[in-house]
Amino acid sequence: MSVIGIDLGTTNSLAAYWADGRVHFIPDENGNRMVPSAAVYLEGEGIVVGRKAKEHLLNGGEGAASFKRFMGTKKEYMLGGKAYTPMELSAMVLHKLKEQAERILPEIEEAVITVPAYFNDKQRSDTKKAAQIAGLKVERLINEPSAAALAYRMQYGSGDKSLLIFDFGGGTLDLSCVECFDNVIEITAVAGDNYLGGDDIDHLIAEYDCTRRGLDYGRLGPKEQAALLKQAEAAKCCLGGTTDDGLSLTEEQLFEICMPLFTKMKELFLHILEDAGLRVSDLDDLIMVGGSSRLPVVKRFLTELLGKEPVVLGDTDMVVALGAGIYTGIRRRDAEIRDILLTDVCPFTLGVETFRRQGEKKGYLLPMIERNSTLPASRRERLVTLYDYQTAVTVKIYQGEEYFARDNIYLGEVTAQVAPKKAGKEWIDVYFTYDINGILHVEIVNSKGEHNQILLANQTLGEAELERHKKEIEALMTPPLEQDKNRKLLERASAYYEQSTGARRERLGALIHWFVAGMNSGRLYRIRRAAEEMERQLALLEEADERREDLLFDGDLKWDLDLEDLGDDDGKDLGNSGN
Ligand code: ADP
Ligand code: MG
């Protein structure tokens, strides 16, 4: 059985797999690895997907392209007198990729497919359905920027990094801030423009060329426009390193032509940094992704923007597929890469059955890990007894979105003994921890501290594997503020707070506040940043005190930014977060 990784793109798609310690890309019968995400109906041939379809469209023919933009909607495309949805068209592209892969690999069963980070539930589930139609089982969707970050880590090692993924494709520009640390990759902010891509450059070039020839682009017929656009793309790609025909263009001219696009890019760039609470200098690297990132003028623009060179990981339009290919290696648990985790979102809700009143027949589902929570996720909830002198509590675990617990998928249960007391007077703590591999660990602890647990895995794992996961999960299970290191930091800060007066006390109060909010944010990178910053501020204060200097705080208050950031994002008043 084989697993393939697929970059299902707006303009181009491609597939990759992991073997012999590296990623291999899957070519078609002519050696082309990119499959244009386009479909047309040709007389006598029926529906045709890929290169031939793109060629037909470039020559002014009719068909469907860029349908990924409408994924999750009911938009219809007519092909040969029949209507198709973006999901069905995507299924055709996936099917073509599967066919290509089957010429190389035995029995393709599973696929890991990348999707934009901003894709919502519907778009994600339609992507999965498309795969199903194509005969592929999707174990996992991964975010495109996470895949790119994974490719970066394979090359640059797994040190702590703040990255910006700059994905400039055919129709879209997607920016993502990504934090990498330990064995985690987490997206912290996204921004972009769904209508800013290589196609726009082609249009600008075509218009520019018309103007210099004294023509009006808008007045050309559809066939002429199509022909000119085709030439424009060829001229552009020539500057980006491909061969040429027709229209000629210098790099300087293209830089000028692209100016309006660069202006928009700069705005988006500043916007995402603000969202992520980062300054340009905080970015360790910017990674160029997407076909349009092949253009030297784009690199030049980014170099000016950053004040240093962006990172190019080989062919920019293959980086996402490269990451998807690496991920299939992780899934196969190849020793070299199995330790890289990707944070992701949980696509469904996990919870326990709870009753509001004695005698109720059907309990409702108390969500423990909500749909779309960032993974790995961990949560604790205290439940009280329902009956007088109850001696045991059974916690039933379900997955799904239905109100009544039993209408969801039953996963398992755990039972704990409790001391017989009046209803509501005895309690248990329920801990849910769901990790990146789809393994759910549920533990219940009664008031005497006795515990029972269950490990639910959605795949068959060996004993040793389970043991390893258990260890990882145990580390995740303790809420951040109860972890030794963080608890000590808070104690240290609190002691300082008590000793201080005036402005210093006020600042310390705010720092503690920010720290606690960060610890409770449920976002790994914030938890980590809160700990680092607290450590740093305390060390500075202690040093200053030793030297008997009157230091309030490090002048460079990075955490001021984050304080606002946290307040905004969580949408609640931090002053009340402690109740
Ligand atoms: P998507 O992610 O949107 O599916 P890609 O990342 O494959 O698409 O990017 C496609 C875009 O890249 C097209 O607009 C194409 O013209 C452009 N492109 C491909 N090769 C080059 C090149 N050598 N130089 C400049 N642009 C290129
Ligand atoms: Mg892409």
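Whatever order the structure lists ligands and atoms in, that order sets their numbers, starting from 1.
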Close-contact set for ligand 1 against [X] heavy atoms, below 4.0 Å:
X    : result
G170 : 1 (P), 3 (O), 8 (O), 9 (O), 10 (C), 11 (C), 13 (C), 14 (O)
T11  : 1 (P), 3 (O), 4 (O), 8 (O)
G9   : 4 (O)
K236 : 14 (O), 15 (C), 16 (O), 17 (C), 26 (N)
G290 : 6 (O)
L295 : 25 (C)
G198 : 14 (O)

Between F262 and F255 (judged by ring centroids, cut-off 6.0 Å), do the two rings come close enough to count as a pair?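 Yes - the distance between ring centres of F262 and F255 falls below the 6.0 Å cut-off.
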
So, the side chain of D126 versus the backbone of Q123: is there a donor-acceptor pair under 3.5 Å, distance only?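 No; judged by distance alone, with no hydrogens or angles, the pair does not exist.
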
So is G197 close enough to ligand 1, meaning a heavy atom under 4.0 angstrom away?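 Heavy atoms of G197 never come under 4.0 Å of ligand 1.
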
Charged N to carboxylate O under 4.0 angstrom, R528 versus D160? yes

Between the side chains of R526 and E186, is the shortest nitrogen-to-carboxylate-oxygen separation below 4.0 Å, so that they form an ion pair?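 No.
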
For ligand 1, is there an N or O atom under 3.5 Å from any N or O atom of [X]?
X    : answer
N12  : yes
E233 : yes
D202 : no

Taking atom NZ as the centre, does K223 end up with more than 12 heavy-atom neighbours from other residues, nucleotides or ligands that are less than 6.0 angstrom away? no

Check: [X]/[Y] side-chain N/O donor and acceptor closer than 3.5 Å:
X    : Y    : value
E370 : T349 : no
D285 : Y152 : yes
Y84  : E76  : no

